[in-house]
Amino acid sequence: MKSASFDYIRPDTLDAVCACLASHPDARIIAGGQSLVPMLAMRLARPSLVIDIAHIDGLSAIRDDDSAVVIGAMVRQAKALSDLLVATHLPLLAKALTHVGHPPTRARGTVGGSLVHADPSAEIPLVAVTLGASLRMRDAGEDVEFHAEEFFIGPMLTMTPPTACLFEISFAKPTCAYVGTGFHEVAARRSDYALAAAAAHIEADDAGVVQDLRLAIGGISDFPQRLPIDIHIDLSAGMADLGTSLTTAIDAALDDVDIVEDMHASASYRRRVAAELARRAVDDALREIAQDLS
Amino acid sequence: MNITIDINGKDVTAAIEPRVTLLDFVRDVAGLKGTHAGCEHGVCGACTVLLDGEAVRSCLILAAQAEGSQITTIEAVDGTTRQPGELSIIQDAFCESHGLQCGYCTPGMVLAAKTLLQHNPTPSREQVRDAISGNICRCTGYVQIIDAIMLAAERLQGRNQPADGA
Ligand code: FES
Ligand code: FES
């Protein structure tokens with residue numbers, strides 16, 4: 001398991017990265033390397049040039065941008081997991097990060113790397129889609145921005161232009177008084193790829209009426225997807241009894257998802273599990289709000 | 001390319017190919033064979049070393065990426081103050097709890113335990129399981145490894161007494 005030969009370069013500006021990508025169309029960017037290095041070792045990737053972005057200033061910070069939390073592309077997953085801004089404003093991301101790999105890979109793996117790698121079962125892309133994050137890239141001397149929901153187009157396929165480099169990801173802060181989140185996944189073993197995963201982020205106003213319910217699933221299709229759920233939920237009198245309305249809505253939304261099948265799990269298993277995980281994620285989120293209200 | 005890495009407090013310099021991983025650098029350039037090569041693609045944890053004090057997989061880091069960081073391998077798990085052959089408290093606990101059989105996974109397990117106990121001196125068994133969830137052991141069945149880390153946690157808090165209190 002040794003990778004093929006490649007050249008290695010450590011530029012100190014984003015524009016230099018773009019220039020390297022332009023001159024070496026098969027070059028690969030390395031951030032934490034927790035996805036790329038295994039691919040190099042198995043020779044699934046054989047770039048002629050590896051571009052290390054760890055020495056570019058300013059990519060490793062998490063900053064408060066009034067209405068958003070902005071995470072630099074080189075921020076390690078472990079750092080995001082222990083960050084106060086993330087814990088305060090992006091509880092769903094904090095929850096999901098505990099499912100990403102395990103402590104030694106989180107110490108190196110980056111938030112941005114996981115997004116551009118775009119593994120269909122990865123947790124961070126699922127959270128980005130749920131929360132409607134924006135991915136900001138540098139390309140040919142200009143900044144370009146992609147909305148997470150339009151960014152993922154297939155397994156390990158994204159809209160990233162060939163010469164672009166991600167530099168930060170912006171997550172909007174919640175706007176309502178109450179926020180609840182839920183994250184669930186099923187994997188063959190701890191830290192393994194999810195066979196199915198679901199994330200929910202719900203916001204309710206002062207009166208306890210749900211104003212924003214965002215639910216998305218991952219691991220069951222080529223990329224994470226939102227499940228539109230349109231039901232009126234009032235938590236003013238405590239945890240609402242939704243009867244079958246939620247499961248019916250999830251089921252209807254899953255009809256529009258192209259569910260994959262492989263040697264690890266059949267499509268019908270994935271659908272069944274995703275439906276249940278989605279229900280639990282919404283349930284957790286609603287319970288959190290109901291608890292805060294009481 | 002020329003690479004210099006601080007391994008166990010000593011600068012090791014060599015001219016290497018960019019594709020050389022930190023694992024190969026530690027084993028073949030620095031000659032420290034305590035760090036084991038298992039899967040070499042990030043699945044087993046046998047290659048665990050500490051990078052700036054945190055457990056990482058050395059097979060998933062290019063040696064070039066590690067330049068400027070401090071690497072600690074199992075050979076220096078407890079600093080360099082001990083005599084050659086003398087075990088650290090965590091290693092001792094592994095021996096006493098039968099936390100190893102063939103020993104292939106052990107350096108990785110010990111270093112994963114060390115990172116955990118630095119962050120959390122009084123972990124629960126569940127937290128120990130989480131900390132070693134990325135390390136595969138094909139011998140012990142893990143139960144004694146968890147026992148060993150719990151014992152080490154207790155001893156590192158200064159209660160290193162013989163079991164009979166003598
Ligand atoms: S050898 Fe590095 S994880 Fe297996
Ligand atoms: S003791 Fe043999 S692999 Fe763990």
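Here is how names work: the chains are called A, B, and so on, in the same order as the sequence lines, proteins then strands, and each is numbered from 1.
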CD1-CZ distance between Ile16(B) and Phe25(B), expressed to the nearest 0.5 angstrom: 5.5 Å
Go through the atoms of Val43(B) and report whether side chain, backbone, both or neither lie under 4.5 Å from a heavy atom of chain A. both
Taking Gly134(B), Gly42(B), Ala64(B) one by one, which has the highest count of heavy-atom pairs under 4.5 Å against chain A? Ala64(B)
Tell me which of these, His41(B), Arg129(B), Gln65(B), Arg19(B), has more heavy-atom pairs under 4.5 Å with chain A than the rest. Arg19(B)
Can you list every side chain to side chain donor-acceptor pair (under 3.5 Å) pair that touches residues 104-119 of chain A, not counting sequence neighbours? Asp119(A)-Ser121(A)
Non-hydrogen atoms of chain B under 4.5 Å away: do they reach the side chain of Ala78(A), the backbone, both or neither? neither
Selection from Lys2(A), Arg189(A), Met42(A) maximising heavy-atom pairs under 4.5 Å formed with chain B: Lys2(A)
Sorted by first residue and then second, give each side chain to side chain donor-acceptor pair (under 3.5 Å) pair with at least one member in residues 26-48 of chain A; sequence neighbours left out. Asp26(A)-Ser48(A)
Atom group of Asp130(B) that falls short of 4.5 Å from chain A, counting heavy atoms: both
Leu116(B) versus chain A, the contacting section by heavy-atom distance below 4.5 Å: neither
In terms of heavy-atom proximity below 4.5 Å to chain A, should Glu17(B) be classed as side chain, backbone, both, or neither? side chain
Check step by step if salt bridge (Lys or Arg N to Asp or Glu O under 4.0 Å) holds for Arg57(B) and Glu40(B). CA-CA 9 Å; Arg57(B) 286 158 158 28; Glu40(B) 297 189 291; over 6 Å; no
Ile61(B) and Val37(A), any side-chain heavy atoms less than 4.5 Å apart: no
Closest-packed option against chain A by number of heavy-atom pairs under 4.5 Å, given Leu62(B), Val56(B), Leu60(B): Leu60(B)
Check each of Thr48(B), Asn8(B), Thr35(B) against Thr73(B) using the side-chain hydrogen bond (donor to acceptor under 3.5 Å, both in side chains) test, and report the only one that passes. Asn8(B)
Is Leu36(A) close to chain B through its backbone or its side chain, or both, or neither, when contacts mean heavy atoms under 4.5 Å? neither
Might you point out which heavy atoms bring Leu166(A) and Ala73(A) nearest each other, and give the distance in Å? O-CB, 3.3 Å
